[in-house]
Each structure stands twice: as structure tokens, then as C-alpha cells.
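Keep in mind the model is a prediction, meaning the values are calculated, not measured. Below, chain A is the first sequence line, B the second, and so on; all start at residue 1.
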Amino acid sequence: MKHRIVLSMIWIALLTFASCGGGDKVANAETPEAAEAGTTDLGQAGVQDDESQKDIVKVAVGSADHSTLVKALQQAEYVHALANAGPFTVFAPTNAAFDKLPAGTVDNLMKADQKDALRNILEYHVALAVYKENMIRDGQSLGMANGDNITLQVKDGKMMVNNSANVLAAVPASNGLIYVIDAVLLPPAK
Amino acid sequence: MKNQIIAVLGLGLASILLVQCKGGVKEDLPPVDFEAIEKSQPEVHGTLIKDEDMTLGSPLNEEWVKGGENIYNLKCLACHKLTEEKLVGPGWKGLTKKRQPAWIMNMITNVEAMLESDPEAQKLLEQCLVRMPNQNVSKEEARQILEFMRKNDGEM
Amino acid sequence: MPWGMVGGAMLVSLLFSIQACKPKGVQSAVSGDSAVKAYVAPGKYDEFYNFVSGGFSGQMSVYGLPSGRLFRVIPVFSVDPEKGWGYSEETKPMLNTSHGFVPWDDLHHPALSTTEGIHDGRWAFGNANNTPRIARIDLKTFRTAEIIEIPNSGGNHSSPFITENTEYVVAGTRFSVPMGDKVDVPIKSYKENFRGTVSFISVDPAEGEMKIAFQILLPGVNFDLARAGKGKSHGWFFFSCYNSERANTLLEVNASQKDKDFIMAVNWKKAEEYVKAGKGMKKNVKYAHNVYDEVTHMATSKIETEVLVLDPKDCPDMVYFMPCPKSPHGCDTDPSGEYIVGSGKLAALIPVFSFTKIQEAIAAKNFEGDYEGIPVLNYDAVLHGEVKKPGLGPLHTEFDDKGFAYTSFFVSSEIVKWRVSDLQVVDRVPTYYSIGHLCVPGGPTKKPWGKYVIAYNKITKDRYLPTGPELSQSAQLYSIEGEKMQLLLDFPTIGEPHYAEAIPAEMIMKNSTKIFKLEENKNPYAALGEKEAKVERKGNEVHVYMTSIRSHIVPDNIEGIKVGDQVYFHVTNLEQDWDVPHGFAVKGANNAELLIMPGETQTLLWKPDRVGVFPMYCTDFCSALHQEMQGYVRVSPSGSNVPLIFSTGDQQ
């Protein structure tokens with residue numbers, strides 16, 4: 001009986017020590033990465049789910065015409081955000097659209113030190129709301145995720161962005177809407 | 001019993017230490033006195049009463065008898081008859097002849113401690129199968145109940 | 001065409017490459033000493049209480065921190081058959097409204113009472129979003145003590161934020177609505193006929209009783225969230241507003257047209273002066289005010305018919321608007337009261353306003369113009385600065401005790417830590433996933449306790465074992481003691497964990513009620529002792545005055561009840577021992593059980609629908625002989641002359 005009390009007092013003292021912040025050594029020794037097992041911790045884009053409607057990221061990954069965009073989203077660490085509940089309207093330039101940029105532009109943007117610039121450009125393609133085609137009026141301005149606005153033109157039932165990019169198709173996704181465009185949108189110079 | 005007290009003291013001390021070194025909680029908050037919190041719980045009324053602490057007067061204090069009867073009706077009658085018949089707990093007839101006054105007082109006010117340390121109390125639990133509930137009775141009220149029990153046993 | 005043709009191999013390769021180059025900070029869930037930091041040994045107390053709103057469950061839940069253990073779900077706006085809340089005769093009036101009995105609501109924000117801007121551990125307030133109400137929970141009993149309905153409101157989201165000394169609890173309407181005599185109007189006439197209000201509800205400093213002191217009549221925007229000023233800004237209140245476009249349809253698009261909406265600044269001390277000066281107009285309204293009395297153990301509901309309304313047109317210098325980018329959601333004041341942080345849901349930056357500059361701009365009449373007659377302050381004149389490119393979808397900000405702010409970002413699923421003084425981002429951590437509110441213990445007060453930040457996530461997808469289409473929402477606990485935030489623990493929550501507050505345990509636990517004293521029980525139907533147990537008939541009403549104690553009920557044999565009777569079981573729990581409630585249920589009752597605390601009386605109404613003998617029993621496992629704690633009620637045909645008799649223990 002007495003032994004038990006002494007032991008428990010030592011144990012309490014240890015606990016006291018550990019909770020004082022001086023116990024890192026003790027803690028590490030006793031709990032080596034205990035919670036490693038289980039989930040993937042990839043972030044939202046890594047959720048395994050083949051049953052649900054595809055989100056914007058999965059739709060883009062599934063399109064052979066958008067491999068450059070997908071690479072750019074990865075490089076800018078923008079993949080998980082677009083797997084979020086949204087809702088988003090994403091203007092998705094095709095590979096050909098990226099190819100239209102001056103030679104070397106894409107390669108340059110994909111460099112590590114250009115990540116912020118790349119991210120800014122990609123955010124300029126994303127609006128937080130679903131703007132269906134029938135809601136869009138000629139001359140309408142949309143606020144984009146990077147803080148700048150785009151302007152939409154509607155003529156003869158065809159939609160354009162910033163008078164420069166043609167909307168080729170509208171593709172619904174679980175968390176929003178993708179407009180496929182034939183040119184990369186460049187944020188206004190500051 | 002003594003061991004228990006040491007353990008409680010140790011625990012209390014450790015708790016205080018624990019609280020004092022919590023980084024995020026502001027130091028000007030009073031540390032938690034877990035011991036005080038435990039004491040304020042109704043089932044703990046401090047130390048057990050000893051026989052020598054008790055004095056029984058004669059004649060009976062009629063005011064206490066009346067007070068004891070009221071408490072009996074509110075808090076005891078559900079389980080204890082005034083006859084010898086056992087209901088949930090033992091009947092009260094003859095109780096003051098059979099048990100020491102301090103034992104009765106302790107059973108009313110300090111039942112947890114009695115069940116841990118007193119063989120007679122443990123035997124009763126085996127017979128009745130129900131722990132006597134703590135009914136939030138103070139020592140003063142218990143003394144009144146004792147007076148009522150004496151009256152029930154024919155004292156004047 | 002390539003669309004729709006999902007290249008499975010590409011998806012896999014994408015996922016692999018994500019794993020290979022995980023974004024910074026997305027390390028494996030926990031590392032190092034996380035387990036020890038979140039571990040509370042069996043039998044040990046947690047350091048903080050965490051009061052977490054139940055969102056669409058309508059309730060408030062109580063967790064321990066850092067363990068994440070759930071202690072209690074406090075029924076507030078929704079019925080709770082487990083606790084008899086909204087089913088017992090004593091608690092039914094608590095859910096009464098001007099619309100009658102409402103069994104459900106949507107509780108978004110807890111607010112803990114403060115004195116001089118510091119938690120005082122007395123009450124928690126909560127808002128009902130749908131049928132606008134505010135509840136006050138007594139933190140001695142962890143029970144809802146009072147509910148007051150808010151008239152002239154269409155959805156009580158901007159609520160229940162409190163002033164420094166809990167002088168007022170506010171309630172701003174999310175939906176503007178037509179009010180007064182002219183309410184049957186076309187929805188398209190929104191701009192002419194729809195108005196918003198914010199209500200200031202005074203709280204009695206001793207007893208906590210609430211009263212609508214005044215309402216302010218405002219343009220028809222949507223009020224979203226609010227915070228009181230504190231310290232130097234005590235006397236002011238700040239409300240975020242969106243839909244300054246005043247759209248009445250498809251707000252997703254139509255309320256996002258303008259680059260800036262507003263944060264509204266209200267000088268409530270000035271409003272008090274106007275009330276004193278008789279500037280308020282009395283308006284006829286209808287709202288319920290419900291109070292639970294812990295002495296009679298009964299609630300009463302009273303319908304009030306009048307409210308005092310202040311119109312800024314008659315009350316100059318009381319209300320101002322400050323432009324704030326892109327549909328501001330969170331509107332949070334820092335511990336000093338100098339800085340007001342607006343979080344535009346769609347904004348790419350976080351504006352931080354300065355209270356000193358607001359005062360200077362008001363004095364200099366530095367206005368951009370007016371909005372519906374209310375002056376709009378010049379944005380640049382009141383701005384302290386902007387946190388640039390902090391993340392995507394900023395929602396809410398809480399503060400620690402070291403000069404840092406923590407902002408939640410829904411779209412980018414992260415918490416961003418930034419320094420209030422120079423607005424520099426210093427750290428960011430991912431949350432799993434889609435964080436809404438966040439909580440630092442004491443984070444909204446003058447004196448944050450710090451130590452942890454907790455994320456309340458809307459989406460958990462692969463975080464827990466799946467449970468069909470609906471998954472648990474979650475809380476995630478991070479240590480903020482070091483320079484870097486450190487994820488310690490995930491724990492699932494009830495309903496939607498919308499907002500939460502946390503308070504040091506010692507401020508609450510020392511006051512916790514253990515029993516209700518029988519001597520103080522003034523319920524008119526209490527049976528204080530088995531001698532008082534009885535059954536009485538009044539016409540077709542039968543009142544059973546019942547007692548319960550380990551391990552029997554009195555009476556436990558009842559005869560003479562007839563089909564068509566209304567039988568009221570008034571059950572008094574005679575125990576005076578902590579943690580020994582008794583339950584009561586009778587077969588076929590169309591409501592719920594009773595759960596009766598020690599020393600309390602609660603009443604169940606039973607309308608027997610057929611002839612027979614009906615069992616009744618104690619539902620809360622109370623003792624070794626709990627299973628013996630039972631009885632019978634005999635029900636005879638309506639015309640029968642079986643005499644009314646009752647007994648316990650008279651075995652012939």
C-alpha cells in the first residue's frame with residue numbers, strides 16, 4: 001500500500017515535470033510519432049473518392065488539354081484550395097493557351113522563385129461564386145481571388161474574358177464551374 | 001486511513017504545482033485548490049466524529065427532536081421505518097441502544113468514510129445492497145436526527 | 001474530347017507528386033511531443049472548458065481542453081428527449097415564442113460573460129439564427145436559464161456578442177425584413193420596404209436577466225458578425241455588413257457586385273443618451289421572454305408587446321459606416337480595443353482599422369459620402385493597414401496574449417498567424433478541412449489566455465472512419481506556445497461546431513452546482529418526502545405527486561386512471577447526493593423521459609389511450625437495485641368506477 005502511494009507520487013512528479021515544458025526528452029522517448037498511422041494527410045485534393053461527382057481539380061486532371069494548368073496549380077500549391085467546398089468559377093486555359101504566351105514564359109513561371117507571381121496569375125482565374133452562363137451580362141465585372149477584376153463580354157451568345165480570351169466550353173464540377181478558355185488571363189500591371 | 005490522507009495531501013500538492021507552472025494561464029489567477037473543492041463536496045464533511053466529542057443531554061432537547069423529525073420525513077423516511085422492520089435500510093427502533101452516538105452521526109454525515117473503514121458499516125452494505133445515499137445533512141442536523149432517534153427509542 | 005475522360009493514371013500521379021512535395025507545414029498529422037501535450041491522464045481535470053456551439057443541432061456542447069473530451073451537451077434551442085428538455089411541463093415554456101412552441105433552432109455563437117473585458121465565468125450566451133432569440137446559460141448548473149425572442153429581426157446571426165462588462169448582448173439581423181404595419185409587400189420592393197435592426201439587450205449585473213433596452217433601425221443590409229469595443233473603444237460596437245447592394249435574390253452573385261461593403265460602428269453610449277432623452281419610438285411588437293427558475297424548478301413564458309426603436313435620422317453621431325472589402329464576415333477587435341479586423345470572405349487582403357483614426361475621421365467629418373443617410377467614413381483615413389495576400393477566404397480572427405492574431409481561411413483551409421503591430425504574416429498551418437471559426441482561449445476578450453488555437457472545420461472527408469454520407473464535423477487543437485503553431489489533436493464534434501470560446505477550468509468548476517436543496521424546492525407540485533406522495537383527481541386531470549429515491553418510487557401502484565385522463569406525474573428526486581439523477585418514463589407516453597436532478601421536481605404529462613396496466617420505471621441507472629425501481633399504473637375505461645388508489649410496499 002505504502003509502495004503504491006510512493007510510486008504514484010513519483011509518477012505525479014514526472015507528469016508535473018513534463019507539463020512544465022522541460023519534459024521534451026521524456027515525451028519524445030515515450031511517444032515516438034505515435035499517431036503516424038491512419039490517414040494520408042495529403043490535404044483535401046488527396047481524399048480518395050471515386051464515387052462523388054468530380055471536383056474542379058479532378059476534372060482538370062482528367063483533361064489531357066489541361067496538363068500545363070495542372071502542373072502550374074501544383075507548382076503554386078493551389079491544388080488543395082480548388083478541392084475545397086468552394087463554390088468556384090474557374091477560367092481554365094488550355095495547353096494551347098499557355099503555348100500562346102511568349103516563349104519561355106511558362107518555364108520561367110514554374111521556377112521556385114516565381115511561385116508568388118504564378119500563384120497571383122492562377123488566382124486571377126478563380127472567382128468565389130458560381131457564375132452560370134445565363135447569369136452573365138455583357139460588360140459584367142467579376143472580382144477574382146487575387147483581388148483584381150475581370151470583365152466579361154457576351155456577343156451573339158459567345159462569351160469572352162477581358163476582350164482577349166474566348167470561352168470554349170463550360171464544364172460543371174462538384175464544387176463549381178469551369179470555363180475552358182483559349183488564352184491565359186494576365187492581371188493588370190500594378 | 002492515514003495512508004489515504006497522505007495520498008490526498010500528495011495529490012493536492014502535485015495539483016497545485018501543476019497549476020502553477022501552466023504556461024498559458026495567467027499567473028494572477030488563483031491556483032486551483034483541488035482539496036478545497038473536494039471538501040466542499042457534500043459527501044465529505046471533514047474528519048470522523050469521535051465518541052468523546054459527543055455529549056448526550058437529559059432530558060431530550062425537544063426542539064431538536066422536532067427538527068430531527070422534519071428532516072426524517074424529508075430525507076430518511078423513504079428508506080428507514082421507525083419500527084425494527086428493514087425497508088431499504090434498517091429500521092430505527094432500538095438503534096440508539098445498539099450503536100454508539102458517534103457511529104450514528106458518522107453514518108449520516110460521512111458515509112463514504114465509514115464504508116471504507118468501519119466493518120459494521122460494511123456489513124450493513126452487504127445486507128442492504130444499497131449504499132446509503134448522502135442526503136446533504138450537516139453535523140448539526142445529524143445531531144437533531146439523533147435526538148429524534150432517542151425519542152423513538154423511548155427516552156424522555 | 002478529353003473532358004470527362006478521366007485519366008486515372010494521371011490522377012494517381014498527381015496525388016503522388018502532391019505527396020512528394022507536400023506544401024510547407026503539411027507534415028504528418030502530429031509529431032514530437034503532441035501526444036503528451038494533448039494528454040490528460042484518466043482522473044485528471046482538463047485545463048480549459050471549451051463551449052462549442054452545436055450549429056444546426058440547436059445546442060451547446062462542453063468539451064475539455066486539451067483532451068477534446070465531451071462533457072455535456074447543454075440543451076438550448078432544441079428539444080432534448082434525453083434530458084426531458086422541451087418535453088417536461090416545467091421546461092416547455094422555455095421554447096415558447098411568438099410563433100408558439102418551436103422545438104428546434106440553429107445556434108451559431110457562444111459568448112462568455114465578461115467583467116472589465118475579462119471572462120468572469122458566470123454565463124454563456126447563445127443565439128438562435130432561425131427564429132431570432134438569445135439564450136443565457138447559467139454556468140453553475142450548465143442549464144439554459146433564460147431565452148428572449150428578438151422582434152423586428154429576420155435571422156439572428158450577428159449575435160450574441162457582448163460589451164466589456166456584459167452590459168449588453170447584441171443581436172443584429174442577418175435578413176432585413178419589412179417591419180411595422182406594412183409587412184405584406186412584394187419581395188421585389190426590398191429597397192423601399194426592407195430594413196435591418198440591431199438590438200441591444202441589457203443584462204442585469206447581479207441576476208443576469210435580459211431585457212431589450214433598444215433597437216436601432218438601419219438600412220436593409222445583411223448584418224453578419226460583430227464585436228464590442230474594449231478598453232479605449234469601450235462604448236462602441238462594430239458590426240460587419242454584406243449585401244450593401246440590397247439584393248433580394250441570388251445573393252451568391254448579386255451581393256458580390258460591389259468592391260466594398262461595410263463595417264458599421266455604433267456609439268452605444270450615445271444611443272443610451274438618446275434613449276434617456278426620449279428619442280426612442282415605442283413600437284408594437286410581439287416577442288416571448290422565457291425564464292427558468294431554479295427555486296420553483298419551473299419556466300415561465302411571457303409575451304412582451306413593446307420595443308423602443310432609435311432611428312439614426314433622429315440620432316446624429318450614433319452610427320457610421322466604414323468601407324470594408326468584399327462581403328466582410330468576421331469583425332474582430334484586438335485585446336487593446338484599438339484595432340478592428342474586417343475579414344472579407346472574397347477579399348485578397350485583411351483590412352485592419354484603427355479606433356483612434358476612426359475618432360479623428362469622425363471629428364474631422366472625413367466622409368466618403370453617405371449610405372441611406374448614414375455617414376460613410378473615408379476608407380484610407382480609418383485604415384491602420386492591410387495584411388497583404390494572407391490566404392483565400394478570410395473569415396475570423398482571434399488574438400493571443402503575445403500580440404499575435406490568428407485568422408481562419410475557409411478556401412485555403414488554414415490558420416494564418418500574423419503580428420498585429422506590423423501586419424506581417426509569421427506562420428501558417430493547414431486545417432483538415434475548410435475551417436470556419438477558430439478559438440483562442442479568451443481570444444475575443446481584453447485578456448486572452450492563449451496557449452492553444454482550435455480550428456472548427458466544416459469538412460472532414462478522410463479524417464475519420466466513414467459513417468455514410470454525413471461525416472462528423474471536427475475541432476483541431478494546435479499549440480501556440482512556440483513560434484510555430486503545432487497540431488496536437490483532432491476531435492469530432494456535435495452538429496456544426498460553429499463558434500466556440502474557451503475559459504480556464506478553475507473559473508467555472510469551483511461554482512458548479514452539485515445538488516438542489518430539498519428544503520429550497522418551491523415547486524408547487526413537489527412531494528417533499530414520501531409522506532407527501534399522493535394522487536389527486538381534478539375532473540379529468542390526475543396529479544401524481546411522486547417521489548423517487550434509490551431504489552423505489554412512491555407511489556408505485558396506481559389504480560383508478562381512466563382513458564381520456566390527463567395524468568401529470570410530478571416526480572421529486574429526494575436524493576441529496578451529487579451525480580444521482582433519477583429518470584422517469586411510462587409506457588406509451590407521446591413525449592420523452594424525465595431526468596430529475598437531486599432535489600428537483602419535474603413533470604411528465606401522459607394521456608393514456610387504452611385500457612390496460614402500464615409499467616413505469618426509473619430510466620437513469622442509479623443503484624444496484626435500479627432495475628427494481630419500477631411500478632404499474634392501471635388504466636380503466638372512461639366510464640369505469642374503479643376507485644383512485646395508490647400505494648407502495650403494501651404487499652397483502
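- Ring orientation note: the planes of C/His437 and C/His396 are close to parallel, at an angle under 30° on the 30°/60° scale.
- Within the 4.5 angstrom heavy-atom criterion, only side-chain atoms of A/Asn149, from C-beta onward, approach chain C.
- For C/Asn254, no part lies near chain A; criterion is any non-hydrogen pair under 4.5 Å.
- Every pair passing salt bridge (charged side-chain N to carboxylate O under 4.0 Å, His left out) that includes a residue from residues 138-148 of chain A is listed here, sequence neighbours excluded: A/Asp148-A/Lys190.
- The part of C/Gln257 that comes within reach of chain A is its side chain, from C-beta onward, which places non-hydrogen atoms under 4.5 angstrom from that chain.
- Look at A/Arg119 and A/Glu77 and you find no salt bridge, because none of the NZ, NE, NH1 or NH2 atoms lies under 4.0 Å from a carboxylate O.
- Salt bridge annotation for A/Glu123-C/Lys389: present, with a cationic side-chain nitrogen under 4.0 angstrom from a carboxylate oxygen.
- Neither the backbone nor the side chain of A/Val126 comes within contact range of chain C; no heavy atoms are under 4.5 Å apart.
- Proximity to chain A (any heavy atom under 4.5 Å) is shown, for C/Leu465, by neither the backbone nor the side chain.
- By the 6.0 Å and 45° rule, C/Lys458 does not stack over the aromatic ring of C/Phe410.
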